[in-house]
Amino acid sequence: MAIGTVEFDLSLRDHETGEYLTARTYTVEGVNNVDGTPRQLSMGQLVMAICLQRATALENGYTDPATGTHVNGIIDLMEELNVTSSKLEALTEIEKTVVSWAEDYQNGTNTSRARSLNNARVSSDNDAYPNWTYKRVLVDMGVIDDSISYVNLSLTTAPDPDDINFSDFISALESKMDENNSFSQQKMIQLQSQTSKRDQAYDMISNVLKSLNTVQVGIVNNM
């Protein structure tokens, strides 16, 4: 944010030197009058402009001047958390279904040794994967590779080339869930930090304006 200064003479003179007293206003890039000329700001208004610009950057994201990398803002982080939450919901739904398949196979309710991941779909109200097949979701998240289409529910029969053993499937699934949980915790910490910094920017506006008002009232009282 480029800040300029404008100095001008006041009508009062210094009682010792006889020279006119001067005052200063400030201009900020992007803060203009209706005619497009830079708007002259008081110290309090300058503080407001700087703090509001900082708060906006924290909400929308900004480029770190030291590294040149983009830092995600509060809005970006909240969106990432929402997406991760939807992914975890999809994985949880898939795990419950596949575990129920295994239970049905073990108790003889269903005798299908291998169950297709292409014939079951995630709920349509899932924000990340609405109505996607289980296989498409799992491949997208890297839980299985594209060659796998079935879960082998037998504990004794070796899986076919396009099968994945039930225990291996659950291990890979839970590993991905742990990964997403860790990601969510990391993003939550970043979100809390960004939110705290944004709130500090707003608090600084209030504190500085209060301090400036106290000084001005003191000057008036001493006149």
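Just so you know, residue 1 is the first one in the sequence shown, and it goes up from there.
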Excluding M188, membership of its hydrophobic cluster (Ile, Leu, Val, Met, Phe, Trp, Tyr; side-chain heavy atoms within less than 4.5 Å) reads I74, L77, M78, L81, L191

Kindly check if the number of other-residue, nucleotide or ligand heavy atoms within 6.0 Å of CE (M141) is above 12? yes

Name all residues meeting the side chain to side chain contact (heavy atoms under 4.5 Å, CB included) criterion together with T22; count only those two or more places apart in sequence or in a different chain, and write none if there are none. D9

With a 4.5 Å heavy-atom cut-off, do L46 and I3 have their side chains touching? yes

Would you say that V151 contacts L117 through its side chain, given a criterion of any heavy-atom pair below 4.5 Å between the two side chains? yes

More than 12 non-hydrogen atoms from neighbouring residues, nucleotides or ligands closer than 6.0 Å to OH on Y26, yes or no? yes

Report the residues that fulfil salt bridge (Lys or Arg N to Asp or Glu O under 4.0 Å) with E174, sequence neighbours left out, ordered by chain and then residue number. none

Does R54 count as lying over the ring of Y62, i.e. NZ or CZ under 6.0 Å from the six-ring centre, within 45 degrees of the axis? yes

Return yes when atom CD of E19 has more than 12 non-hydrogen atoms of other residues, nucleotides or ligands closer than 6.0 Å, and no otherwise. no

Is any NZ, NE, NH1 or NH2 atom of the basic residue among D163 and R115 found under 4.0 Å from an Asp or Glu carboxylate oxygen of the other? no

Can you confirm whether more than 12 heavy atoms, excluding those of Y202, are under 6.0 Å from its OH atom? yes

Should V28 and Q40 count as side-chain neighbours, where that means a heavy-atom distance under 4.5 Å? no

